[in-house]
Number of protein chains: 2
Amino acid sequence: MIATARDLRPDQPALTRLAALAPLEADTAATLQVLIERARLVAKRRELMSEGRPIVEPQLIVSGWAARLRLLIDGRRQFLGFVLPGDIIGLSRHPRPIAASTVIALTDVTMCTPPRIGIFPELDEAYSVGQALDEGYAFAQITRLGRLDAQDRISDLLLELHERLSLNGMAVGGAFDLPLTQEILADTLGLTTVHVNRMLQMAKQNGDLTWTAGRIGLNNPSLLARKVGRSPVKVFGNRLV
Amino acid sequence: MIATARDLRPDQPALTRLAALAPLEADTAATLQVLIERARLVAKRRELMSEGRPIVEPQLIVSGWAARLRLLIDGRRQFLGFVLPGDIIGLSRHPRPIAASTVIALTDVTMCTPPRIGIFPELDEAYSVGQALDEGYAFAQITRLGRLDAQDRISDLLLELHERLSLNGMAVGGAFDLPLTQEILADTLGLTTVHVNRMLQMAKQNGDLTWTAGRIGLNNPSLLARKVGRSPVKVFGNRLV
DNA sequence: CGGAATTTTGAAACCTTTCAAATTGGGTGG
DNA sequence: CCACCCAATTTGAAAGGTTTCAAAATTCCG
């Protein structure tokens with residue numbers, strides 16, 4: 001099989017995602033491409049943004065994984081959701097916004113400041129669609145924690161990640177890199193590390209998934225989705241999914 | 001004690017809240033006042049908005065309680081959060097937005113369409129602050145479900161409601177009307193009705209609260225807040241709480 | 001190669017759910 | 001204004017899913 005141009009120079013996941021949220025004009029894409037190439041690095045474990053502190057500029061995640069998180073006084077923590085390439089954090093119409101949550105890098109992350117609102121109309125649309133999706137993911141997280149058992153929480157979360165990563169080209173054929181420890185999964189799903197471990201083993205035995213060396217494989221995403229009663233997060237008519 | 005003008009003609013909760021989010025000019029307040037007086041009624045149990053369907057216009061809740069909710073295929077339901085007087089639902093910059101969640105009236109509700117974005121600058125600020133608060137409440141809900149036990153979930157939720165109702169003048173001295181059944185609380189907190197009932201009884205015995213005839217009394221909100229390790233949702237610097 | 005981080009196991013304790021069934025409360029019609 | 005009915009609250013006992021607490025086994029990384 002001969003490699004096509006696309007194989008040799010795949011789109012940036014961030015650009016792929018923004019273009020999926022709203023069709024972009026050539027010059028808009030070009031502008032983004034330049035910004036993306038100049039993305040700056042944030043090392044793993046560093047904060048991209050901290051709860052209660054002013055947000056200087058919004059940031060477009062170019063590569064790597066980050067997570068929103070809340071800390072409790074006694075040291076417990078709760079991950080609110082993940083931030084993936086193509087996601088934008090800190091976007092607000094308010095003149096001097098304050099971060100509602102801390103965001104930390106789970107891997108090394110690169111990010112750049114995206115064009116301000118009001119410059120590229122299609123990009124503005126992508127921003128608002130992205131924001132609506134974020135809201136949908138937050139609602140999905142609430143539902144997961146409130147109404148699913150451990151087993152289904154895990155499946156449902158992995159399906160959501162698969163969905164999101166497919167949107168930016170980072171998941172192919174049900175498989176994708178998952179740079180998370182079981183402890184992070186536990187702090188996301190409201191479970192203990194021990195229990196996540198046991199449920200993960202069960203899921204493997206059930207043939208629902210494989211997980212080796214930081215890479216997840218969902219054997220049959222749509223079947224699994226039906227099993228846990230999950231419907232994908234969609235927001236704007238016939239645009240997504 | 002002599003009644004003041006304020007006592008005789010209390011502000012509308014909705015107007016009180018918007019004014020608390022951002023100081024309003026006299027004419028803005030007057031415009032809102034007129035819209036509020038013409039608010040239309042939505043009967044208890046009716047939907048204000050349904051998931052997946054287009055949002056025709058945003059709505060400002062004038063009176064009554066509503067709730068965002070998600071239904072699972074098997075009939076289970078999860079309340080995502082409550083919608084109170086002064087809250088706005090369906091606000092989006094997108095041309096033809098789709099509702100990300102269903103909103104139903106828990107009591108009779110009155111609501112009106114607020115001025116569009118771009119007409120009253122201070123109101124726009126109130127909108128964006130309100131949106132930031134909504135995000136904060138969603139994050140708080142995730143944290144509650146993920147990391148608190150039944151007892152603390154209840155306390156934490158009641159404290160949040162107290163906080164929100166104080167903002168619009170519907171809570172006085174730790175007491176406020178709570179038009180919710182224990183079943184609704186259960187479906188909000190990811191618990192069963194039975195367990196909510198038992199935990200509520202314990203809370204009463206502990207002297208943390210009283211609850212009779214749909215009215216809640218928190219005996220010592222700040223003490224309770226410390227006990228469950230809760231910090232109020234604040235968003236914009238020295239503006240709120 | 002060695003130490004730290006992560007994953008894995010076991011058994012017991014614990015919080016929450018389940019399943020009925022009884023009791024109380026509120027609203028409506030006679 | 002009382003009787004009646006449905007909704008909501010309350011109780012008990014047993015089953016069950018998750019957590020806890022250690023400790024061992026693996027894997028990762030400098």
Side-chain angles (χ1 to χ4, degrees), chain A residues 43-45 65 67 72 74-79 104-108 144-157 177-206 209-216 228, chain B residues 43-45 65 67 72 74-79 104-108 144-157 177-206 209-216 228:
Chain A
K44 179 172 175 175
R45 283 163 199 284
W65 283 50
L72 281 69
D74 61 3
R76 282 177 295 181
R77 67 180 180 181
Q78 173 67 45
F79 285 103
I104 68 164
L106 298 177
T107 65
D108 284 348
R144 237 184 326 261
L145 295 178
R147 283 290 168 255
L148 301 189
D149 63 21
Q151 191 88 250
D152 288 353
R153 281 185 212 179
I154 294 176
S155 301
D156 189 75
L157 176 62
D177 289 325
L178 188 77
L180 307 178
T181 63
Q182 294 182 12
E183 185 182 12
I184 290 177
L185 271 184
D187 285 343
T188 300
L189 296 173
L191 302 168
T192 58
T193 305
V194 172
H195 203 54
V196 165
N197 181 268
R198 294 198 241 257
M199 295 302 102
L200 232 26
Q201 291 180 53
M202 287 197 63
K204 287 179 192 172
Q205 288 181 3
N206 292 346
L209 56 86
T210 57
W211 186 359
T212 21
R215 175 155 262 261
I216 275 276
V228 304
Chain B
K44 180 173 175 174
R45 285 164 196 282
W65 283 51
L72 281 68
D74 61 3
R76 281 178 296 179
R77 67 180 180 182
Q78 173 67 46
F79 286 104
I104 68 164
L106 299 177
T107 65
D108 284 349
R144 240 186 320 263
L145 295 177
R147 282 291 169 252
L148 301 190
D149 63 22
Q151 191 88 250
D152 288 353
R153 281 185 212 180
I154 294 177
S155 301
D156 189 75
L157 176 62
D177 289 325
L178 188 78
L180 307 178
T181 63
Q182 294 181 11
E183 186 181 12
I184 291 176
L185 272 184
D187 285 343
T188 300
L189 296 173
L191 301 168
T192 59
T193 305
V194 173
H195 203 53
V196 165
N197 181 269
R198 294 197 241 258
M199 295 302 102
L200 232 25
Q201 291 179 52
M202 287 198 60
K204 287 179 192 170
Q205 288 180 3
N206 292 346
L209 56 85
T210 57
W211 187 359
T212 21
R215 176 154 261 261
I216 275 275
V228 304

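Chain identifiers are assigned alphabetically (A, B, ...) following the order of the sequence lines, protein sequences preceding nucleic acid strands; residue numbering begins at 1 within each chain.
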Heavy-atom donor-acceptor pair, [X] side chain to [Y] backbone, under 3.5 Å:
| X | Y | result |
| --- | --- | --- |
| Arg153(B) | Leu189(B) | yes |
| Thr107(A) | Trp65(A) | yes |
| Arg76(B) | Arg147(A) | yes |
| Thr188(B) | Phe79(B) | no |

How do Lys44(A) and Asn197(B) order along DNA chain D: which one's closest nucleotide is nearer the 5' end?
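Counting from the 5' end, the first nearest nucleotide belongs to Asn197(B).
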
Map Val194(A) and Ala213(A) onto DNA chain D by nearest heavy atom, then report which one ends up closer to the 5' terminus.
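Of the two residues, Val194(A) wins.
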
Spacing of [X] atom [atom1] relative to [N] atom [atom2], expressed in whole Å:
| X | N | atom1 | atom2 | value |
| --- | --- | --- | --- | --- |
| His195(B) | dT9(D) | NE2 | P | 16 Å |
| Ile184(A) | dT6(C) | CD1 | P | 8 Å |
| Leu148(B) | dT16(C) | CG | P | 11 Å |
| Arg76(B) | dT17(C) | CZ | C1' | 13 Å |
| Asp187(A) | dA5(C) | CG | C1' | 15 Å |
| Met202(B) | dT11(D) | CE | P | 13 Å |
| Glu183(A) | dT20(D) | CD | P | 13 Å |
| Met199(A) | dT8(C) | CE | P | 13 Å |

If you compare every side-chain N and O of Gln182(A) against the phosphate oxygens of dT8(C) (OP1, OP2), does one of them come in below 4.0 Å?
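Checking Gln182(A) against dT8(C): at least one side-chain N or O falls below 4.0 Å of OP1 or OP2.
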
Asp108(B)/Lys44(B) under salt bridge (Lys or Arg N to Asp or Glu O under 4.0 Å): CA gap, chis, key distance, verdict:
CA-CA 4 Å; Asp108(B) 284 349; Lys44(B) 180 173 175 174; over 6 Å; no

Counting side-chain heavy atoms from CB outward, which of dT18(C), dT20(D), dT16(C) is closest to Arg198(B)?
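Closest of the options to the side chain of Arg198(B): dT18(C).
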
Kindly point out which of dT16(C), dT18(D), dT8(C) is positioned nearest to the side chain of Gln201(A)?
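Within the option list, the nearest is dT8(C).
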
With nearest nucleotide decided by heavy atoms, which residue, Thr181(A) or Arg147(A), maps closer to the 5′ end of DNA chain C?
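Counting from the 5' end, the first nearest nucleotide belongs to Thr181(A).
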
Would you mind classifying the nucleic acid contact of Gly190(A) as base, sugar-phosphate or nothing, using non-hydrogen atoms under 4.0 angstrom?
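Sugar-phosphate, backbone atoms only, no base.
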
